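Notes for the one structure printed next.
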Amino acid sequence: MDSNRTAQRSATMPLLPVSYNPSISNPHMSMSITSRFTVKLVLLHRILLFVLGIVTLLCVAMATSLVPQPLKIKLNSLFMSKINVSNTKLVANFDVAFTIENPNLVSWIWFDRIDGSISYKDNALATYSLDPFILGLKEHRMMRVKISVNGLQEDQPVVKERVLEEIHRQREDGAVNFSLEMFARATYRTGWWGTKSVLMNPQCLDLRVGFLPKVGFGSWNNSGGPMTCAVPMLIDD
Ligand SMILES: *[C@@H]1O[C@H](CO)[C@@H](O)[C@H](O)[C@H]1NC(C)=O
Ligand SMILES: *[C@@H]1O[C@H](CO)[C@@H](O)[C@H](O)[C@H]1NC(C)=O
Ligand SMILES: *[C@@H]1O[C@H](CO)[C@@H](O)[C@H](O)[C@H]1NC(C)=O
């Protein structure tokens with residue numbers, strides 16, 4: 001058969017030029033073996049080159065992801081209850097749920113300290129802090145904080161009165177914008193690279209909390225899904 005003969009011939013013919021060694025007794029046979037060996041070698045070489053290319057690409061990808069990315073924060077919900085706003089006092093409970101995520105492939109994030117505040121414009125209504133925790137590679141965690149506001153963290157009576165009056169009026173109108181801010185002191189740890197201390201300042205701004213008239217609770221409208229908060233890096237060394 002024709003195809004059979006062709007196959008046999010190509011199997012015994014050297015596919016690549018090989019050096020002929022006269023000291024070997026059966027030159028035809030040795031050439032065939034050497035050529036097959038060479039083909040295998042070339043193939044191996046190509047596979048090695050390919051693997052090397054992939055490894056290099058992976059290394060470049062790793063090196064770029066080595067630059068620590070700031071954490072990601074998404075606000076899931078915000079409820080206010082037991083609200084009582086008068087011209088002299090603000091009483092309210094905030095219940096905030098958010099997701100905090102480590103976007104890094106190679107760095108763990110150790111949160112040494114997170115201090116936060118809920119504020120109206122630039123006026124802090126109350127502060128809170130979170131216990132230290134660790135986020136592994138690509139790990140995320142749901143968190144819930146309850147903040148009680150009783151009064152206003154403002155010493156100047158004139159400012160206090162103006163702020164309270166404004167919140168009171170806006171609440172009557174149906175909505176007040178609050179902001180949630182955090183200062184997160186953290187350490188990035190990479191198994192084979194070392195550590196790096198950072199200070200991040202997550203900010204969830206313009207949270208419009210809607211109220212129904214004469215009802216002691218309000219909520220941020222999250223029908224648009226979780227809100228991504230900005231996370232500027234303050235210290236990066
Ligand atoms: C709201 O606070 C005022 C005093 O600040 C108090 O007299 C009033 O009873 C409170 N209202 C409610 C519903 O708790
Ligand atoms: C309140 O926040 C909303 C977005 O949530 C924004 O569109 C609106 O302009 C803000 N209002 C004020 C008075 O800042
Ligand atoms: C919440 O926002 C959506 C649009 O994102 C709007 O259609 C809906 O009426 C809002 N709900 C309330 C209670 O304000």
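What's counted below: heavy atoms across the whole structure, side chains too, no hydrogens, waters or symmetry copies. Quick caveat: nothing in here was measured; it's all calculated off a predicted structure. For ligands, and for the atoms within them, numbers begin at 1 and follow the listed sequence.
With sequence neighbours excluded, the residues forming a side chain to side chain donor-acceptor pair (under 3.5 Å) with Glu181 are Asn201, listed by chain and number.
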Measure from every N or O atom of ligand 2 to the protein's N or O atoms and keep only the pairs below 3.5 Å, writing each with atom names and distance to 0.1 Å.
| residue | atom | partner | partner atom | Å |
| --- | --- | --- | --- | --- |
| ligand 2 | 2 (O) | Asn177 | OD1 | 3.3 |
| ligand 2 | 2 (O) | Asn177 | ND2 | 2.4 |
| ligand 2 | 5 (O) | Asp206 | O | 2.8 |
| ligand 2 | 11 (N) | Asn177 | ND2 | 2.9 |
| ligand 2 | 14 (O) | Asn177 | ND2 | 3.3 |

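Look at Asp115 and Arg113 and you find a salt bridge, because one of the NZ, NE, NH1 or NH2 atoms lies within 4.0 Å of a carboxylate O, short of that distance.
Every pair tested for ring pair (Phe, Tyr, Trp, His ring centres under 6.0 Å) that includes a residue from residues 200-229 fails, sequence neighbours excluded, so the list is empty. The list of salt bridge (charged side-chain N to carboxylate O under 4.0 Å, His left out) pairs with a residue in residues 126-144, not counting sequence neighbours, reads Asp95-Arg144.
Phe94 and Tyr128 have their aromatic ring centers separated by at least 6.0 angstrom.
A parallel orientation is assigned to the rings of Phe111 and Phe133, their planes being inclined by less than 30° (bins at 30° and 60°).
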